[in-house]
Engineer: 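What follows is a structure written as structure tokens; I'll ask about it next.
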2 protein chains.
Amino acid sequence: MLAQEGLKQIGSVAKQSGLPIKTIRYYDELGLLKTFGRTEGNYRLFNSDVFVRLRFIKRAQSLGLSLLEIKEFLEVHDRGDLPCDRIKVKLEDKLEEIEQQIQQLQILKQELKGLLSGWKTIPEHPEETICPIIEQVPSYSVSGTLTQSIPFFSTNDA
Amino acid sequence: MLAQEGLKQIGSVAKQSGLPIKTIRYYDELGLLKTFGRTEGNYRLFNSDVFVRLRFIKRAQSLGLSLLEIKEFLEVHDRGDLPCDRIKVKLEDKLEEIEQQIQQLQILKQELKGLLSGWKTIPEHPEETICPIIEQVPSYSVSGTLTQSIPFFSTNDA
DNA sequence: CTTGACCCTCTAGCTAACTGGAAGGTTTAG
DNA sequence: CTAAACCTTCCAGTTAGCTAGAGGGTCAAG
């Protein structure tokens, strides 16, 4: 029997939200959810806030934030603040990250295109290379300030 | 004492290549390296082919191929073929993958930019949202055939 | 009273590419 | 002979976000 009105067990939260039960339990374990206590039978109880929280989590996740980052925001929120300003800063960082990722991928793409456009099944060199073309050093001057080349060997001695 | 001329122990391979010993051992375990036997003391011996192989591995990795994919190529190579044609197909697939990744990231970027440009530290709504802005449904019509929206809740019942 | 749906915790596994450490064998210089 | 530097295998842990399964408790209906 449910302890109070309007409280839900994990199963119906799962159904309404479309998320697997296991996932909801997992979020709860990580401290993302703040359950509304338990029944006498030790069943988790949620009030309808949980849907707002879940939607927030999923939305933030889809924007590239990790569960731990999201947890921080939720904690700020739970202390009474709107975490908007912090979120803004994070999102600005994310934006920069994403722009860099895109740049890296563009470089890669250019490289791959270059390799593929110059492709021929090269005949000679039986032993000294594995695949001659793929081993070419990239010589791109794509567009702009890209001096950083893709590493062949990193420089750590261990 | 080294069994033969020109053979290297793992330490000097590590030094010359710049890769950690552990990594080289790991590649060997995965079957990427084909050692040149062992000493009486059970030390791995490499001939200088190993540098070609390592360079190939690192290069292919930097092009977005996994170690398992790379292993396939090396096995083809070791059976006597130049694995170029297979590599070509893989690389074409990779190219497509990368283009899709870029597209996804562009969408994300647009979204983030949209959020950040419309940003104000919104005052009201104490409880029904966590951060009002981040919870907006994205309404982008970026450029072209993007019907797929970022999922809030997926559609699996479990 | 029993069945079935629901819930609990706990442990372990998944992917990928390593990395760290324990415990111990080998080789060489002094 | 001993110490240092090198090597070996094996086991476990890292990251992130779950997911699977075992083993068992709770609850309402028939």
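Sequence lines set the chain letters: A, B, ... in the order given, protein chains first and strands last, and positions in each chain run from 1. For the numbers below, each heavy atom of this structure counts, side chains included, while hydrogens, waters and symmetry mates do not.
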Engineer: Just jot down the salt bridge (charged side-chain N to carboxylate O under 4.0 Å, His left out) partners of B:Asp28, sequence neighbours excluded, or say none.
Structural biologist: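 B:Asp28 satisfies salt bridge (charged side-chain N to carboxylate O under 4.0 Å, His left out) with B:Arg44 once adjacent residues are dropped.
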
Engineer: Shorter than 3.5 Å, N or O on both sides, protein versus nucleotides 7-9 of chain D: list them out with atom names.
Structural biologist:
from	atom 1	to	atom 2	distance (Å)
D:dC7	OP1	B:Gln9	NE2	3.3
D:dC7	OP1	B:Gly11	N	2.7
D:dT8	OP1	B:Arg44	N	2.9
D:dT8	OP1	B:Arg44	NH1	2.8
D:dT8	OP2	B:Arg25	NE	3.0
D:dT8	OP2	B:Arg25	NH2	3.1
D:dT8	OP2	B:Arg44	NH1	3.4
D:dT8	O3'	B:Arg38	NH1	3.4
D:dT9	OP1	B:Arg38	NH1	3.3
D:dT9	OP1	B:Arg38	NH2	3.2
D:dT9	OP2	B:Arg44	NH1	3.2
D:dT9	OP2	B:Arg44	NH2	2.9

Engineer: Rounded to whole Å, please give me the gap between CG in B:Asp28 and P in C:dA17.
Structural biologist: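 From B:Asp28 CG to C:dA17 P: 17 Å.
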
Engineer: Of all residues at least two apart in sequence or in a different chain, which pass the salt bridge (charged side-chain N to carboxylate O under 4.0 Å, His left out) check with A:Lys71?
Structural biologist: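 For A:Lys71, the residues satisfying salt bridge (charged side-chain N to carboxylate O under 4.0 Å, His left out) (neighbours in sequence not counted) are A:Glu75.
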
Engineer: Show me the protein contacts with nucleotides 12-14 of chain C, counting only N or O atoms at under 3.5 Å.
Structural biologist:
none

Engineer: Do B:Leu19 and B:Lys58 have side chains that get closer than 4.5 Å, going by heavy atoms?
Structural biologist: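 Heavy-atom side-chain distance check passes, below 4.5 Å.
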
Engineer: Closest to the B:Tyr26 side chain: D:dG17, C:dC18, C:dT27?
Structural biologist: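 Given the options D:dG17, C:dC18, C:dT27, the side chain of B:Tyr26 is closest to C:dC18.
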
Engineer: Just wondering, do A:Arg53 and A:Leu32 contact through their side chains at under 4.5 Å, heavy atoms?
Structural biologist: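 Of all side-chain heavy-atom pairs linking A:Arg53 with A:Leu32, none is under 4.5 Å.
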
Engineer: Measure the angle between the two terminal helix axes of the helix from C:dC1-D:dG30 to C:dG30-D:dC1, five base pairs each, and quote it to 10°.
Structural biologist: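 Nearest ten degrees gives 40° for this helix.
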
Engineer: Take the protein atom CG of A:Leu7 and the nucleotide atom P of C:dC7, then report the distance between them rounded to whole Å.
Structural biologist: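 Value for this atom pair: 14 Å.
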
Engineer: Is A:Leu33 close to A:Ile57 at the side-chain level, that is, under 4.5 Å between some pair of heavy atoms?
Structural biologist: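 When only atoms from C-beta onward are counted, A:Leu33 and A:Ile57 do touch, with a gap below 4.5 Å.
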
Engineer: Take the protein atom CD of B:Glu69 and the nucleotide atom P of C:dT15, then report the distance between them rounded to whole Å.
Structural biologist: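 It is 15 Å, rounded to the nearest whole Å.
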
Engineer: Between B:Leu30 (CG) and C:dC18 (P), how many Å, whole number?
Structural biologist: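 The distance from CG of B:Leu30 to P of C:dC18 comes to 9 Å, rounded to the nearest Å.
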
Engineer: From CD1 of A:Ile24 over to P of D:dG17, roughly how many Å is that when rounded to an integer?
Structural biologist: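 Result: 17 Å.
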
Engineer: Would you mind reading off the distance between A:Leu67 atom CG and D:dT15 atom C1', rounded to a whole angstrom?
Structural biologist: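 My rounded result for the distance is 13 Å.
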
Engineer: Could you go step by step and tell me if B:Asp49 and B:Phe36 meet the side-chain contact (heavy atoms from CB on, under 4.5 Å) rule?
Structural biologist: CA-CA 10 Å; B:Asp49 281 10; B:Phe36 209 76; over 6 Å; no

Engineer: When you measure from the side-chain N and O atoms of B:Tyr27 to the phosphate of C:dA17, is any distance below 4.0 Å, counting only OP1 and OP2?
Structural biologist: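 Result: no.
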
Engineer: Could you tell me the separation between the CG atom of B:Leu54 and the P atom of C:dC18, rounded to a whole number of Å?
Structural biologist: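 In whole Å, C:dC18 P lies 11 Å from B:Leu54 CG.
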
Engineer: Show the numbers, then the answer: is there a side-chain contact (heavy atoms from CB on, under 4.5 Å) between B:Gln16 and B:Val50?
Structural biologist: CA-CA 11 Å; B:Gln16 263 191 57; B:Val50 76; over 6 Å; no

Engineer: Please test B:Phe46 against B:Leu7 for side-chain contact (heavy atoms from CB on, under 4.5 Å), starting from the C-alpha separation and ending with a verdict.
Structural biologist: CA-CA 5 Å; B:Phe46 303 90; B:Leu7 297 182; over 6 Å; no

Engineer: Using whole Å, what does the distance between atom P of nucleotide C:dA17 and atom CG of B:Leu68 come to?
Structural biologist: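 Those two atoms, CG and P, are 7 Å apart.
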
Engineer: To check you understand the geometry: which heavy-atom pair defines the closest contact between A:Ile21 and A:Ala14, and what is its length?
Structural biologist: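 Heavy-atom minimum between the residues: CG1-CB, 3.6 Å.
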
Engineer: So, using side chain to side chain contact (heavy atoms under 4.5 Å, CB included) as the criterion, who are the partners of A:Glu96 when residues are at least two apart?
Structural biologist: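 If we apply the side chain to side chain contact (heavy atoms under 4.5 Å, CB included) test to A:Glu96, skipping adjacent residues, there are no hits.
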
Engineer: Search all heavy atoms of A:Arg59 against all heavy atoms of A:Ser62 and return the closest pair with its distance.
Structural biologist: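 Of all heavy-atom pairs spanning A:Arg59 and A:Ser62, the closest is O-OG, 2.8 Å.
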
Engineer: Do the side-chain N or O atoms of B:Thr23 get closer than 4.0 angstrom to the phosphate oxygens (OP1, OP2) of C:dT19?
Structural biologist: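 For B:Thr23, the contact criterion (side-chain N or O under 4.0 Å from OP1 or OP2 of C:dT19) is met.
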
